[in-house]
Amino acid sequence: MGKIKSIEFTAFEKRVLKEVLKIPLGKVRTYKWIAKRIGKPKAVRAVANVLRKNPYTLFIPCHRVIRSDGKIGGYSLGKGVKVKLIELEKKIKELIK
DNA sequence: ATCATGACTAATG
DNA sequence: CCATTAGCCATGA
C-alpha cells in the first residue's frame with residue numbers, strides 16, 4: 001500500500017511555510033520579515049529551522065528567503081544553488097514581462 | 001521540566 | 001570586511 005511517509009506539521013511550521021509560499025517569483029524576503037508576518041517577530045531562528053527541514057524544496061520556495069544583512073543564508077541543496085535559483089528567477093520574470 | 005540545536009539578527013571590535 | 005557575542009525561540013531528545 002502507501003509507501004509515502006506522512007509528515008506532521010506543527011501550527012508554527014504551517015504558518016511559516018504558508019508565508020513562504022506567498023513570496024512571488026523573482027522576489028526575496030528575509031527570515032526576519034517572515035517572522036514578523038506570522039506575528040512572531042523574535043522567532044527568527046525558529047523560522048530558519050522550519051525552512052531547514054522543508055521537505056518540499058521544489059514547491060515551497062525557501063530559496064527566496066535570505067538574511068537581513070544581505071547575505072545569502074543557508075539552503076539544504078547548497079548556497080551556490082540558492083544563488084543561481086534567485087538569479088534565474090529574476091531572468092525568468094524579465095522574460096515573461 | 002531542562003537542554004542543546006541552528007538556513008538568524010544587531011551590535012561591537 | 002571578518003569574528004565574536006548576547007539575545008532570541010520552536011523543536012526534539
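The chains referred to below are lettered A, B, ... by the order of the sequence lines, with proteins before strands, and numbering in each begins at 1. FYI, side chains are in, hydrogens and waters are out, and symmetry mates aren't considered; it's all heavy atoms of this structure.
One donor-acceptor pair, N or O on each side, does fall under 3.5 Å between the base of B:dG6 and the side chain of A:Arg45. Looking at A:Tyr31, its side chain comes within 3.5 Å of the base of B:dA7 through a donor and an acceptor atom.
Following rounding to the nearest Å, A:Lys14 (NZ) and C:dA10 (C1') show an atom-to-atom distance of 15 Å. For A:Asn54 and B:dA7, the CG to P distance is 14 Å, given to the nearest whole Å. The separation between A:Lys42 atom NZ and B:dG6 atom P is 24 Å, rounded to whole Å. Atom C1' of nucleotide B:dT5 and atom NZ of A:Lys53 are separated by 10 Å, given to the nearest angstrom. Here the C1' atom of nucleotide B:dC8 and the CZ atom of A:Arg29 are 18 Å apart, to the nearest Å. A:Ile34 has its CD1 atom 17 Å from the C1' atom of B:dG6, to the nearest Å. Computed from coordinates, the A:Ile86 CD1 to B:dA7 C1' distance equals 12 Å when rounded to whole Å. For the pair A:Asn49 CG and B:dG6 C1', the interatomic distance rounds to 5 Å; values are reported in whole Å.
Distances shown here put every side-chain N or O of A:Lys71 at or beyond 4.0 Å from the OP1 or OP2 atom of B:dC8. Between A:Thr30 and B:dC8 there is no side-chain polar atom (N or O) within less than 4.0 angstrom of OP1 or OP2.
Of the candidates B:dA7, B:dT9, C:dC9, C:dC9 carries the atom nearest the A:Ala46 side chain, counting heavy atoms from C-beta on. Distances from the side chain of A:Ser68 to the nucleotides C:dA10, B:dA10, B:dA7 place B:dA10 closest. The side chain of A:Glu13 lies closest to C:dT11 when the candidates are B:dT9, C:dT11, B:dA10. When the nucleotides B:dC8, C:dA10, B:dA7 are ranked by their closest atom to the side chain of A:Arg52, B:dA7 comes out on top.
A:Lys40 comes within 4.0 angstrom of the backbone, heavy atoms only, and of no base.
One distance of note links OG1 of A:Thr57 with NE2 of A:His63; it measures 9.5 Å at 0.5 Å rounding.
Of the options A:Val28, A:Ile23, A:Thr30, a side chain to side chain contact (heavy atoms under 4.5 Å, CB included) to A:Val65 is made by A:Ile23 and by none of the others.
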Legend entry - Step-by-step salt bridge (Lys or Arg N to Asp or Glu O under 4.0 Å) determination, A:Lys97 to A:Glu94: CA-CA 5 Å; A:Lys97 188 172 67 174; A:Glu94 198 61 27; 2.8 Å; yes

Inset, instruction - Might you work through the salt bridge (Lys or Arg N to Asp or Glu O under 4.0 Å) test for A:Glu89 and A:Arg64, ending with a clear yes or no? - result: CA-CA 10 Å; A:Glu89 287 196 352; A:Arg64 295 176 187 155; 2.8 Å; yes

Inset, instruction - Show your working on side chain to side chain contact (heavy atoms under 4.5 Å, CB included) between A:Tyr75 and A:Leu85 and close with a plain yes or no. - result: CA-CA 11 Å; A:Tyr75 191 56; A:Leu85 287 176; 3.6 Å; yes

